[in-house]
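Any value given below was found using the heavy atoms of this structure, including those in side chains, with hydrogens, waters and symmetry copies removed.
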Protein chains: 2
Amino acid sequence: MKREIIIKRRDAVATRAAILAAAHQRFLRESYDGVGLRDIAGDAGVDVALISRYFGGKEGLFRAVVQHDDKPDMFREPKSVEELPGFLAKLVVEDADENLQQRMEMFIIMLRSASSPKAGEIIRELAHHDVLGPLTELIGGEHGELRATMLLAILMGVGVVRTIMMVDGFADDDDIAECTERFRCLFAAALTC
Amino acid sequence: MKREIIIKRRDAVATRAAILAAAHQRFLRESYDGVGLRDIAGDAGVDVALISRYFGGKEGLFRAVVQHDDKPDMFREPKSVEELPGFLAKLVVEDADENLQQRMEMFIIMLRSASSPKAGEIIRELAHHDVLGPLTELIGGEHGELRATMLLAILMGVGVVRTIMMVDGFADDDDIAECTERFRCLFAAALTC
DNA sequence: TTGCCAAGTCAACAGGTGTTGATTTAATTT
DNA sequence: AAATTAAATCAACACCTGTTGACTTGGCAA
């Protein structure tokens with residue numbers, strides 16, 4: 001019987017991707033300060049030293065994780081401000097759509113490490129440039145930035161409450177469609193208030 | 001925070017309070033994992049060992065901080081569900097009222113350390129028992145818990161966006177009264193959606 | 001096969017963490 | 001004034017953190 005189940009070829013880009021994937025999963029569940037490089041290296045099946053070697057350190061790794069998923073199409077789907085509430089509602093409650101789920105994961109990662117000086121700086125830059133910017137532009141109008149901030153706040157708040165504080169009162173609402181409509185209404189209110 | 005340099009009496013309850021106050025300020029600005037006991041001890045002007053001695057360790061200190069401000073009157077002021085949106089709006093935008101500010105600080109502390117296994121457990125318990133519980137009871141009705149969760153989400157989201165991510169788009173709205181009304185409308189929508 | 005260089009590993013560092021036992025200091029009591 | 005007791009300090013502990021230089025290994029090319 002063969003001892004090695006996985007043939008471990010020496011492939012730089014492959015191990016780099018493995019580290020990146022492992023880091024993504026770790027940062028999704030723990031804070032920047034909470035995860036150790038040895039944890040990530042263990043998950044990826046590589047030595048710790050490789051991380052600092054490939055990404056220049058922990059900070060560089062985190063930056064690579066949050067900048068990995070391409071950002072410009074973060075809000076590509078909702079073309080008009082009218083379909084924005086519906087889109088955000090789907091983003092929040094839908095867990096089937098893989099694309100939406102991936103975006104929500106990015107929000108959770110941002111949320112988890114927003115405190116912590118080193119990661120926070122990266123996140124603030126990301127939030128302002130890749131989320132708040134496009135949102136403000138899409139909304140437009142006089143109080144566009146204010147409303148974009150409100151939407152982001154609701155988005156983040158839902159993420160905090162359900163994923164980090166794990167008080168998912170939304171799950172009691174067995175009807176997904178009804179729950180989606182509820183959130184659509186809330187997002188619409190944030191735009192019209 | 002001011003320290004008494006002149007006379008340093010040996011007073012157990014006084015230094016205990018000093019440690020508690022220093023810890024409050026630290027946890028308000030950094031995460032549980034981010035602050036070190038030596039930082040807190042330095043601010044309080046005492047030795048590190050006293051913390052573990054008085055509070056039984058870092059975890060005990062954190063628990064003492066979040067349980068210090070008495071909780072039962074957390075939502076004592078809003079007696080009816082009708083005045084709840086107005087109250088929450090004031091809680092969010094008002095920065096003059098010392099009592100409200102103190103409550104908001106508690107939310108920020110919870111927010112900052114919600115990730116981090118040890119502190120998270122304490123916070124989840126606190127959020128469920130001292131915030132979500134009274135809110136659900138106050139709101140009542142069929143979907144009371146769902147709506148309480150939504151309100152908490154907005155509350156937390158605003159805290160995240162403005163205090164942790166430091167993108168305070170609300171500050172652009174120079175008229176405080178108008179901003180308050182905006183939030184009152186949003187909270188009301190969360191209750192009626 | 002023989003070099004060769006990148007890919008990967010190893011071990012150790014310097015610094016920081018929370019915690020604890022022994023010790024010293026100050027205030028109160030006898 | 002001496003004894004006592006709580007309050008505060010000191011020093012060290014064992015452990016964990018990210019990082020780095022030296023080392024070994026693997027795979028391709030000449």
dA6(D) P sits how many Å from Arg16(B) CZ, rounded?
17 Å

Report, as yes or no, whether the 6.0 Å neighbourhood of atom CD on Glu137(B) holds more than 12 heavy atoms from other residues, nucleotides or ligands.
no

With sequence neighbours excluded, tell me which residues meet salt bridge (charged side-chain N to carboxylate O under 4.0 Å, His left out) with Glu181(A).
Arg184(A)

Validation row: Leu126(A), Val131(A) side chains within 4.5 angstrom (heavy atoms):
no

Can you identify which nucleotide, out of dA26(C), dT9(D), dT9(C), has its nearest atom closest to the Asp47(A) side chain?
dT9(C)

By a strict heavy-atom criterion of less than 4.0 Å, which residues belonging to residues 108-115 of chain A are in contact with DNA chain D?
none

Within residues 53-62 of chain B, which residues have any heavy atom lying less than 4.0 Å from an atom of DNA chain D?
Tyr54(B)

Atom CD1 of Ile40(B) to atom P of dT19(C): distance rounded to whole Å?
11 Å

Glu121(B) CD: over 12 foreign heavy atoms closer than 6.0 Å:
no

Across the strands shown, which category fits Leu37(B) at heavy-atom distances under 4.0 angstrom: base, sugar-phosphate, nothing?
sugar-phosphate

By the 4.0 Å heavy-atom rule, please label Val13(B) as base, sugar-phosphate, or nothing.
nothing

Within less than 4.0 Å of OP1 or OP2 of dA7(D), is there a side-chain N or O belonging to Thr15(B)?
no

Winner on side-chain proximity to Ala12(A), out of dT9(C), dT19(D), dA7(C), is dA7(C)

For Val93(B), side-chain contact (heavy atoms from CB on, under 4.5 Å) partners two or more places apart
Cys179(B), Thr180(B), Phe183(B)

Do the non-hydrogen side-chain atoms of Met150(B) and Arg182(A) ever get within less than 4.5 Å of each other?
yes

Hey, are Arg112(B) and Ser115(A) close enough side-chain-wise for a donor-acceptor pair under 3.5 Å?
yes

Select base, sugar-phosphate, or nothing to describe what Ala49(B) touches, counting heavy atoms under 4.0 Å on all strands.
base

Rounding to an integer number of Å, can you tell me how far Asp33(A) CG sits from dC16(D) P?
17 Å

Side chain of Arg10(B) only, please: which of dA7(D), dT9(D), dG8(C) is the nearest?
dA7(D)

Please write out the pairs of protein N or O atoms and N or O atoms of nucleotides 12-14 of chain C separated by less than 3.5 Å, giving the distance to one decimal.
none

Go nucleotide by nucleotide along DNA chain D from the 5' end; which of Gly34(A) and Leu50(A) gets its closest nucleotide reached first?
Gly34(A)

d(CD1, Ile51(A); P, dA7(C)) in whole Å:
17 Å

All pairs passing salt bridge (Lys or Arg N to Asp or Glu O under 4.0 Å) where residues 21-34 of chain B contributes a residue, at least two apart
Arg26(B)-Glu30(B), Arg26(B)-Asp43(B)

Within 45 degrees of the ring normal and closer than 6.0 Å to the centroid, is that where the cationic atom of Lys58(A) sits relative to Tyr32(A)?
yes

Residues, nucleotides or ligands: over 12 heavy atoms within 6.0 Å of Glu83(B) CD:
yes

Is any side-chain heavy atom of Met156(A) closer than 4.5 Å to one of Leu111(A)?
yes

Closest heavy-atom pair, Leu155(A) versus Met104(A), reported as atoms and distance to 0.1 Å, is O-CE, 4.1 Å

